[in-house]
Every structure is written in C-alpha cells, then in structure tokens.
Amino acid sequence: MFYFDVQRITFLLSAHFFNGWKYYLCGMISEQFFLPKYEPKVPQSQTVIWSAPSNIALVKYWGKKPVQLPANASVSFTLSNCKTITEVTFSAKKQKNQLYSFDILVDEVYKESFRPKIESFFDKAQEYLPFLSLGHFQIRTTNTFPHSSGIASSASGMAALALCLMSIEKSIDPTISEDFFLAKASFLARLGSGSACRSIEGSIVAWGSHPAVPNSSDLFGVALNRPWHVFFEKYQDTILIVEEGQKQVSSSTGHELMHNHPFGQQRFEQAQSNLSHLITAMTQGDLDEFITIVESEALTLHAMMMTSNPAYLLMQPATLSIIKAVWDFRKSTQIPLCFTLDAGANVHLLYPKSAKSEVLAFIEEELVVYCENGRYICDEVGEGSIRLNDYPN
Ligand code: PMV
C-alpha cells in the first residue's frame with residue numbers, strides 16, 4: 001500500500017511542481033499505480049462523448065510480451081482528421097452481477113461482431129475500473145473515415161472508449177488530476193489494442209521504455225513535448241488507399257509471429273536505435289535522416305512479415321509502384337516526400353506542409369491510378385483527443 005501511495009504522490013507532486021520533469025519517474029510506475037484509490041461504488045447514470053484520433057507509427061511496434069507490452073519502443077504522429085467518435089451512456093444497475101452488460105452500435109447499427117473484442121477489453125480493464133460490472137453501457141461509435149478504407153480503427157476506437165470510461169471514473173473520484181487521467185486513459189487503451197495508447201494525446205507520442213525518452217513507459221504512451229524543428233509543424237499524411245476492406249492478417253497474429261522470429265532480436269534492437277536517431281533528426285530538422293529511418297522502418301515491418309513462419313506478403317504491386325514513384329519524384333524534385341506503411345497495402349505519404357501543393361499535384365498526376373477507386377485521404381499531424389460534451393452532464 002505504501003508503495004502505491006509513494007508512486008501516486010510522486011506523480012502528483014512532480015506534475016504540479018516540477019513541470020517538465022514530471023515523467024522522469026514514469027519508468028518506476030507499475031500497473032498498481034492505476035488501481036482505483038476509492039471504495040468501489042456505482043457511478044451516476046451519465047453520458048460521455050469523446051473523439052480520439054488515429055495515429056501512424058514512424059518507428060513501428062511489432063512484437064509484444066504479455067499483457068500488451070511492447071517488445072520495443074515506438075513513436076507515432078497523431079493524426080487530425082481520421083478519428084473515432086464514441087458516446088458511452090452508463091446506467092446504474094439495480095442488481096449486482098458479475099457479467100458485463102453493454103450494447104455496441106457502430107454507425108447506429110447494433111454490431112454483435114464487436115462484442116468479443118469489447119468483452120476481452122472489459123476483462124482486462126475490470127481490475128482497474130471496478131464499476132464495469134455495476135451498470136449497463138450503451139456504446140455508440142462512428143469513424144470519420146470509411147470502414148472500407150482499409151484504415152484500422154482499433155487504435156482510435158479503443159482510445160475513445162478508454163477516455164469515456166475515464167470520464168466515468170472521474171465522476172466517482174473528482175481528485176483525479178489531468179495528468180493521471182491521460183496516463184490512465186492511455187494505459188487502458190493499450191489493454192484493448194497496443195497502438196491505441198498512442199492515440200490519446202498529440203502530436204508526437206512515444207510508447208515503450210527507452211533511455212532517450214526520459215518519460216517513457218511500457219505501460220502507456222507519453223506525448224513528446226520537446227521543441228521539434230519547424231519542418232514538423234502540421235506535417236502532412238496523405239493516405240493512398242491501395243486496398244479497401246479488412247486487413248488480411250490481424251495484428252495479434254502478426255505480433256505472435258515475432259516470437260522465435262529468426263530476426264526478432266535484431267529487429268527489436270534496431271527499433272530502439274532508430275527511435276534515438278529519429279528524435280535527434282526531428283529536433284534538428286534533418287529531413288534526410290528522418291526519411292531514411294521512416295522508410296526503413298516501414299520496409300522492415302514488411303520484411304518481418306515476409307520472413308516469418310507462416311510468411312505474409314501484404315504489399316500489392318501498386319504499393320511497390322507507388323514506392324518507386326515516390327523515390328523518383330524525390331530524386332528529381334528534391335522535395336522531401338517519403339512513405340510509410342501499416343500492416344497492409346495502403347501507403348501513407350509524409351511531407352512538410354510547405355510541399356503540399358506540389359505533392360497533391362504529383363498524387364493526382366501519377367499516383368491516383370494506383371488507388372482503389374481513385375481514393376486517398378488527406379490528413380495531417382493533430383493535437384489529440386477531445387471531450388465533446390460538457391462535464392458534468
Ligand atoms: O496496436 P496493434 O496491435 O493493432 O498493432 C499495430 C501495429 C502497427 O500498426 C503495424 C505498427 C504500430 O506501431 O502502429
């Protein structure tokens with residue numbers, strides 16, 4: 001008990017008095033830090049609404065340890081336009097039972113296929129949010145990007161749900177500070193989907209213990225608030241939709257394949273080293289180094305899948321054509337356009353805002369032909385999640 005309180009007091013004190021230093025002790029924080037400090041009690045019936053953004057990793061998380069702990073540190077841009085909006089209405093139950101009670105509606109339609117994922121999330125989160133079994137939750141969720149776009153909604157979706165649950169927890173324990181609220185929301189989101197812990201705050205977020213990131217933790221993501229070079233302000237991400245629809249390989253299957261992977265250990269070490277160099281490049285405005293690392297991370301992610309057992313090939317011929325066209329364009333124009341990939345065929349084009357008109361013209365002239373139904377989504381680095389209804393309500 002003493003240990004937990006020391007963690008919390010240190011966190012609160014440092015948040016208030018040593019701003020900027022507050023997370024230096026985060027590496028010492030354990031799961032127990034997020035256990036509730038109040039007597040279990042039924043919250044008031046209420047509705048909360050949060051919007052949480054998607055994120056795109058620059059240094060990739062691929063491979064994990066139980067429970068949803070990363071095999072290496074990762075860092076991502078928080079996006080602005082691609083987001084999930086989730087409304088949770090909590091109704092106190094008259095009778096206590098141990099079963100979770102919830103409805104899940106996606107775009108106003110009941111979605112039974114989402115039930116197992118939410119049940120599994122509630123199972124993991126129950127210890128930290130004891131009120132989960134004390135009421136009925138109506139969860140209504142929608143994405144600003146179409147389901148058919150092939151963009152994973154698990155990061156923004158789990159982040160939005162975690163934030164709603166944290167707002168309910170704060171109604172029970174109003175002493176929860178803003179820092180604790182964000183850290184625990186990230187911690188809970190991680191239990192639902194690893195990369196979701198990077199979808200709470202903007203604009204550059206790291207997750208995973210790393211010596212170059214003093215505030216880092218395997219348990220939750222932290223916003224990196226250093227003065228980034230001006231090149232990275234409102235950095236652009238245009239997502240070329242090469243393949244609409246569901247991913248061919250779930251990320252859980254993918255992470256699993258990193259166990260006993262022949263190149264696994266080297267890959268985890270490489271990611272740690274890439275993260276250090278990337279932070280330096282982004283601080284100094286070294287776009288050449290930024291591009292080298294970001295593209296290597298994307299290709300390495302796919303190389304890991306191509307060399308796992310069983311092997312997966314998630315790029316399509318159009319993905320490769322886009323990559324080659326980007327390399328040619330960069331060489332001939334000197335415009336610092338680069339790409340990154342998720343676990344799929346779609347291509348994220350990353351570039352400074354100052355290059356927007358040239359890059360969009362290039363996409364229209366040369367790349368749109370590779371996009372399924374000519375579709376692409378324009379996004380940029382954003383500021384993180386937002387509560388959409390007032391408190392209390
Ligand atoms: O959060 P998950 O389990 O869906 O894994 C995400 C993995 C990648 O998107 C490929 C990389 C990353 O760091 O976001």
Side-chain angles (χ1 to χ4, degrees), residues 52-79 82 84 114 117 120-121 124 143 145 149-162 186-200 204-208 210 213 216 218-222 224 237 239 243 246-259 261 264 267-268 270-272 274-275 278 293-306 308 312-315 319 339-348 350 379 381:
S54 187
N55 71 75
I56 180 67
L58 304 171
V59 172
K60 310 290 181 183
Y61 146 63
W62 199 242
K64 63 180 168 186
K65 309 173 265 184
V67 177
Q68 299 275 77
L69 296 174
N72 60 264
S74 58
V75 68
S76 53
F77 278 147
T78 305
L79 297 183
C82 290
T84 299
F114 277 36
K117 187 146 182 129
S120 144
F121 168 62
K124 291 184 199 128
N143 295 324
F145 47 93
S149 64
I151 300 176
S153 58
S154 57
S156 51
M158 281 299 167
L161 180 56
S186 176
F187 170 85
L188 294 169
R190 188 201 99 235
L191 298 176
S193 168
S195 60
C197 75
R198 300 189 312 242
S199 272
I200 304 291
I204 299 171
V205 178
W207 168 40
H210 192 288
V213 186
S216 57
D218 279 354
L219 300 178
F220 54 94
V222 288
L224 289 176
D237 179 6
I239 308 157
E243 193 171 49
Q246 287 284 314
K247 292 200 274 188
Q248 288 170 29
V249 184
S250 76
S251 19
S252 323
T253 310
H255 292 294
E256 198 56 43
L257 293 171
M258 290 305 285
H259 287 297
H261 189 290
R267 160 60 198 153
F268 303 141
Q270 178 203 42
Q272 294 293 102
N274 277 346
L275 198 143
L278 189 78
I293 296 170
V294 167
E295 292 189 345
S296 166
E297 277 288 319
L299 294 174
T300 304
L301 171 69
H302 283 257
M304 289 299 114
M305 295 183 227
M306 288 157 72
S308 60
Y312 286 96
L313 190 52
L314 299 188
M315 286 192 255
T319 313
F339 70 87
T340 188
L341 306 165
D342 245 331
N346 297 340
V347 183
H348 289 245
L350 303 176
D379 210 333
V381 171

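Note that ligands are numbered from 1 as they come in the structure, with each ligand's atoms numbered from 1 the same way. The first residue of the sequence shown is numbered 1, and numbering continues consecutively from there.
Not a single heavy atom of Gln68 lies less than 4.0 angstrom from ligand 1.
Side-chain atoms of Asn274 and Glu297 include a donor-acceptor pair closer than 3.5 Å.
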In sequence, state the C-alpha distance, the side-chain angles, and the governing distance for Ile204 and Ser76, and then conclude on side-chain contact (heavy atoms from CB on, under 4.5 Å). CA-CA 6 Å; Ile204 299 171; Ser76 53; over 6 Å; no
Between Phe220 and Trp207, is a ring-ring contact (aromatic ring centres under 6.0 Å, His included) present by the stated rule, with each step listed? CA-CA 6 Å; Phe220 54 94; Trp207 168 40; over 10 Å; no
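The residue from Lys60, Arg198, Lys64 that puts a heavy atom closest to atom 14 (O) of ligand 1 is Arg198.
Checking only distances, Ser154 never comes within under 3.5 Å of ligand 1, N or O to N or O.
Annotation for ligand 1: atoms under 4.0 Å from non-hydrogen atoms of Asp342 are 8 (C), 9 (O), 10 (C). Counting atoms of ligand 1 from 1 in the listed order, those under 4.0 Å from a heavy atom of Ala57 are 12 (C), 13 (O), 14 (O). Near His255, the atoms of ligand 1 lying under 4.0 angstrom from a non-hydrogen atom of the residue are 2 (P), 3 (O), 5 (O). Counting the atoms of ligand 1 from 1 in the order shown, those under 4.0 Å from a heavy atom of Trp62 are 7 (C), 10 (C). Taking every heavy atom of Gly194 and a limit of under 4.0 angstrom, the matching atoms of ligand 1 come to 1 (O).
No side-chain donor-acceptor contact under 3.5 Å links Ser251 to the backbone of Gly254. Listed for the Gln272 side chain is a donor-acceptor partner under 3.5 Å among the backbone atoms of Ala73.
For Ser296, the side chain to side chain contact (heavy atoms under 4.5 Å, CB included) partners two or more places apart in sequence, or in a different chain, are Gln270, Thr300. For Glu295, the side chain to side chain contact (heavy atoms under 4.5 Å, CB included) partners two or more places apart in sequence, or in a different chain, are Ile291, Val326, Trp327, Arg330, Cys338, Phe339.
With a heavy-atom cut-off of 4.0 Å, Ser195 touches ligand 1 through backbone and side chain alike.
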